[in-house]
Protein chains: 2
Amino acid sequence: MTVKVLALNPAPKRPRGRPPKTAEQRDDGNRRRDLVRAAAKLFRQHGYDATTTRDIAAAVGMQSGSPFYHFGSKADLLVAVMEDGMRDGLARVQATAQQVQDQSAARQLRALVRTHLDVLWGPGSDFIPVMLQEWRVLKPTQTKGINALKDAYEGHWTPLLQSLKAQGRLRGDVGLVRLFLFGALNWTIKWFDARGSASLDELADAVMVMWLHDEPEPETGGGQDGTV
Amino acid sequence: MTVKVLALNPAPKRPRGRPPKTAEQRDDGNRRRDLVRAAAKLFRQHGYDATTTRDIAAAVGMQSGSPFYHFGSKADLLVAVMEDGMRDGLARVQATAQQVQDQSAARQLRALVRTHLDVLWGPGSDFIPVMLQEWRVLKPTQTKGINALKDAYEGHWTPLLQSLKAQGRLRGDVGLVRLFLFGALNWTIKWFDARGSASLDELADAVMVMWLHDEPEPETGGGQDGTV
DNA sequence: CCTACCGATCGGTAGG
DNA sequence: CCTACCGATCGGTAGG
């Protein structure tokens, strides 16, 4: 049995003050999530500035002032969208990295690329596109926490790119490779149509074909990996 | 002597109503350009929505309502920024393409890439970044003319990419290659710092190193490149 | 979380 | 191109 022993938290065993509406209680934590989800969708469709807090409220059946019961400002809502998105994206990348850790570096990269495309385009993923497109509306103080998540996200890629470069299958400065690779993938939010002709798998394949160079031939007869 | 014989225009030989300030007269056509330039700069810095028509007016020393003497709406100003930017960008790409037409396909591509980076990052080039970032605020009817310019711009790339693919130096579907290549380059508007460590030349070199594959070896025995 | 509301801002216009 | 202004919208708040 794991028992939470967080020193803070005044042990809210029994409800205080608020009438015991169990149905509403159950929703309670979800209302905030509903707002974030609706905000993500609307921000993605129309942009942050063009979306009003009234739009977001209406999308979840609230009155115009009610979002401010959950969030201090419209910008805080945007921060929440980005943070939730990055937290989820990071989890997905971590899961993928673990699943494929025993495979070849090339296969690992393909898996990460595919996961990244899914983070951008999979069902219910408006969060990261919003982050990518609306990054500049936030001030540095507001993006501190998100930056930490982004660093962790990118951290999963660098060693892989380095090992592929060591194998001669990737060329150029690894830092630039990563930036250009993310650029190529992230830019899909400007042109890719999920209902269109190409699939995410085809996109991932194309990336690999374009970027991965042939394995250098072994020097001597029996060399197995390129070096030795 | 070229004499304007435009049937319309009631021949404004002598100034009517307005006092004959010749200096102001000389600026007349430039005021509009001033507005477009100021708009580009401000749109780039703060985004379209966050920039007010008052900001733009102030930037060129006008009163708040005066931009609407030159432009019907704020959106029209954005259209003008994009159109001017694309017209200039297209001219630059055309000039480059002509200058290097006798060089190898690889050199031609490198030249185009470098020019594109200059369109994005050279002095006074806020126009295209604005276009790339604010594309979605315009309705399809407003982007018709710009789309034609974009098609022409991209038209300069496709045959080159095709010939590089035929040489085996570029891999994957040419359409996707172009999209991913533009993506990688355009995404620099999100991270590149013109005052930073890397130069535009280094960026262009990195792109070539990453994307271009080794030339396939000749079929017959005397292989000259990687083998023997 | 709703009701009722404020204060500021902003695109745009009439009229010269 | 300026003066003076309108009308609407919008983020946010008090008070329950």
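Each chain gets a letter, A, B and so on, in the order its sequence line appears, and its residues count up from 1.
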Measure the distance from CZ on B/Phe43 to C1' on C/dG11 and round it to the nearest whole Å. 12 Å
Expressed as a whole number of angstroms, how long is the span from A/Phe68:CZ to C/dC6:C1'? 14 Å
Under 4.0 angstrom, heavy atoms only, what part of the nucleic acid is B/Ser66 near: base, sugar-phosphate, or nothing? base
Is the shortest distance from a Lys or Arg side-chain nitrogen in B/Arg87 or B/Glu83 to a carboxylate oxygen in the other one below 4.0 Å? yes
Any carboxylate oxygen within less than 4.0 angstrom of a Lys/Arg side-chain nitrogen, looking at B/Arg114 and B/Asp205? no
Between NZ of A/Lys74 and C1' of D/dG11 the distance, given in whole Å, is 8 Å
Aromatic rings B/Phe192 and B/Trp121: how do their planes relate, parallel, tilted or perpendicular, breaks at 30° and 60°? perpendicular
Which is more 5' along DNA chain D, the nucleotide nearest A/Ala50 or the one nearest A/Gly65? Just name the residue. A/Ala50
Please give, in whole Å, the distance from D/dG12 C1' to A/His70 NE2? 15 Å
Let me know the distance between OH of A/Tyr69 and P of C/dT3, rounded to the nearest Å. 16 Å
Quick check: are there more than 12 heavy atoms from other residues, nucleotides or ligands sitting under 6.0 Å from CD of B/Gln98? no
Does C/dT9 have OP1 or OP2 sitting under 4.0 Å from an N or O in the side chain of B/Arg54? no
Between C1' on C/dC1 and CG on A/Asn30, what's the gap in Å once rounded to a whole number? 16 Å
Base partner of D/dG16, which must satisfy Watson-Crick or wobble distances under 3.5 Å: C/dC1
What integer distance in Å separates B/Met62:CE from D/dT3:P? 13 Å
Charged N to carboxylate O below 4.0 Å: is that the case for A/Asp173 and A/Arg178? no
Under 3.5 Å for both donor-acceptor distances, Watson-Crick or wobble: does C/dA8 have a partner, and if so which one? D/dT9
Just to confirm, is there a sub-4.0 Å distance from OP1 or OP2 of D/dT3 to any side-chain nitrogen or oxygen of B/Gln63? yes
Using whole Å, report how far CG of A/Leu35 lies from P of D/dG12. 14 Å
